[in-house]
Amino acid sequence: MKKIYGSAAEALDGVLFDGMLVAAGGFGLCGIPELLLDAIKEAGTKDLTFASNNAGVDDFGIGILLQTRQVKKMISSYVGENAEFMRQYLSGELELEFNPQGTLAERMRAGGCGIPGFYTKTGVGTVIAEGKEHKDFNGETYIMEEGIFADLAIVKAWKADETGNLVFRKTARNFNPPAAMCGKVCVVEVEEIVPTGSLDPDSIHLPGIYVHRLIQGEHEKRIEQRTTRAA
């Protein structure tokens with residue numbers, strides 16, 4: 001089975017369609033699948049729902065798709081630092097489903113494991129719990145959250161072998177593994193592809209069984225907040 005493609009556009013060919021649900025890795029500006037997001041922008045796919053911790057910033061990450069009005073709904077934990085995200089949400093142009101970060105990660109992981117739903121205490125008594133099933137266990141109230149089953153997962157990793165086994169670098173692992181797990185099709189961009197068998201099995205963070213397509217490319221590594229002091 002061919003997994004390595006020459007470009008992001010090639011890797012997404014035949015996968016994209018209007019109205020699809022996309023799970024995207026990344027946290028802030030760290031570990032964002034920027035090449036794949038650029039390719040989605042160029043493809044013009046619209047009415048998208050994104051499950052992602054946040055939407056990057058106005059000109060990087062999912063923010064570029066908000067600018068082109070290709071996103072109709074975000075399933076996210078964090079709105080701040082993206083002025084267009086906030087503007088569209090407050091004006092009613094963009095649907096937003098808030099999720100606590102741990103709940104969002106677990107919803108993705110559950111989808112990847114074939115688990116349709118689970119109970120959690122997080123969000124009980126808040127707007128997060130509105131309209132959701134409540135159930136008591138041992139005298140404590142929990143709410144039901146549904147697993148996320150995405151049409152497509154787009155992920156950024158540091159290194160892969162030719163079969164798609166992935167290694168993430170430091171905090172860039174963040175939401176990428178659970179996002180990769182929950183996609184019917186998972187497309188990954190990496191900095192380096194190495195021969196099969198050259199990765200230490202104990203160093204692999206996500207097995208290639210979850211990965212359907214791979215690209216290698218150059219990536220921009222931005223710093224979200226730079227704080228300095230006088231010498």
Between [X] (side chain) and [Y] (backbone), is there a donor-acceptor pair under 3.5 Å?
{"X": "N174", "Y": "G26", "result": "yes"}
{"X": "S91", "Y": "R87", "result": "yes"}
{"X": "N176", "Y": "K156", "result": "yes"}
{"X": "N165", "Y": "L199", "result": "no"}
{"X": "S52", "Y": "N54", "result": "yes"}
{"X": "K3", "Y": "G164", "result": "no"}

Common cluster, [X]/[Y], ILVMFWY with side-chain heavy-atom separation under 4.5 Å:
{"X": "F118", "Y": "I128", "result": "no"}
{"X": "L37", "Y": "F168", "result": "no"}
{"X": "F149", "Y": "V185", "result": "no"}
{"X": "M20", "Y": "L36", "result": "yes"}
{"X": "V190", "Y": "V167", "result": "no"}

Atom [atom1] in [X], atom [atom2] in [Y]: separation rounded to 0.5 Å?
{"X": "I64", "Y": "D38", "atom1": "CD1", "atom2": "CG", "result": "4.0 Å"}
{"X": "T103", "Y": "I143", "atom1": "OG1", "atom2": "CD1", "result": "6.5 Å"}
{"X": "T49", "Y": "I148", "atom1": "OG1", "atom2": "CD1", "result": "10.5 Å"}
{"X": "I32", "Y": "I62", "atom1": "CD1", "atom2": "CD1", "result": "7.5 Å"}
{"X": "W158", "Y": "K170", "atom1": "CH2", "atom2": "NZ", "result": "9.0 Å"}
{"X": "Q70", "Y": "L48", "atom1": "CD", "atom2": "CG", "result": "6.5 Å"}

### Message
Set out, in order, the CA-CA distance, both residues' side-chain angles and the distance that settles side-chain contact (heavy atoms from CB on, under 4.5 Å) for V187 and V211, then state yes or no.
### Response
CA-CA 6 Å; V187 183; V211 177; over 6 Å; no
Salt-bridge criterion met for [X] and [Y] (N-O under 4.0 Å):
{"X": "K41", "Y": "E34", "answer": "no"}
{"X": "E10", "Y": "R213", "answer": "no"}
{"X": "E191", "Y": "R169", "answer": "no"}
{"X": "D18", "Y": "K46", "answer": "yes"}

Would you name the heavy atoms of [X] and [Y] that are closest together and state the gap between them?
{"X": "A160", "Y": "L166", "answer": "CB-CD2, 3.6 Å"}
{"X": "A180", "Y": "L206", "answer": "CB-CD2, 3.4 Å"}
{"X": "L66", "Y": "Q88", "answer": "O-NE2, 2.9 Å"}
{"X": "C186", "Y": "V155", "answer": "SG-CG2, 4.4 Å"}
{"X": "M108", "Y": "A23", "answer": "CE-CB, 4.5 Å"}
{"X": "I215", "Y": "A11", "answer": "CG2-CB, 3.7 Å"}

### Message
Below 30° counts as parallel, above 60° as perpendicular, anything between as tilted: where do the rings of F175 and F27 land?
### Response
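The arrangement is parallel - the two ring planes meet at less than 30°.
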Heavy-atom side-chain proximity of [X] to [Y] below 4.5 angstrom:
{"X": "F50", "Y": "L21", "value": "no"}
{"X": "I193", "Y": "E162", "value": "yes"}
{"X": "V57", "Y": "L29", "value": "yes"}
{"X": "L94", "Y": "M74", "value": "yes"}
{"X": "M181", "Y": "R109", "value": "yes"}
{"X": "N99", "Y": "R107", "value": "yes"}
{"X": "E42", "Y": "I40", "value": "no"}
{"X": "L12", "Y": "L152", "value": "yes"}

### Query
Will you find, in the side chains of T141 and D136, an N or O donor that is under 3.5 Å from an N or O acceptor?
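Yes, a side-chain donor-acceptor pair sits under 3.5 Å.
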### Query
Taking atom types as modelled and ignoring hydrogens, do the side chains of Q67 and D58 form a donor-acceptor contact shorter than 3.5 angstrom?
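Q67 vs D58: no donor-acceptor pair found between side chains.
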### Query
Applying the side chain to side chain donor-acceptor pair (under 3.5 Å) test to Y119, which of E133, E140, H134 qualifies?
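Among the candidates, only E133 passes.
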### Query
Hey, is CD1 on I209 packed in by over 12 heavy atoms from elsewhere, all under 6.0 Å?
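For I209, atom CD1 is not crowded (no more than 12 foreign heavy atoms under 6.0 Å).
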### Task
Please indicate whether R69 has more than 12 foreign heavy atoms, meaning atoms of other residues, nucleotides or ligands, lying under 6.0 Å from its CZ.
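Result for CZ/R69: enclosed.
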### Query
Distance under 6.0 Å and angle within 45° of the ring axis: does K2 meet both against Y5?
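Yes.
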### Passing option when K132 is tested against E146, M144, E145 for side chain to side chain contact (heavy atoms under 4.5 Å, CB included)
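Between K132 and the candidates, side chain to side chain contact (heavy atoms under 4.5 Å, CB included) is satisfied uniquely by E145.
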### Message
Walk me through whether K159 and V194 qualify under side-chain contact (heavy atoms from CB on, under 4.5 Å).
### Response
CA-CA 7 Å; K159 190 179 293 188; V194 300; 4.0 Å; yes
### Task
Check step by step if side-chain contact (heavy atoms from CB on, under 4.5 Å) holds for S76 and N53.
CA-CA 5 Å; S76 295; N53 178 70; over 6 Å; no
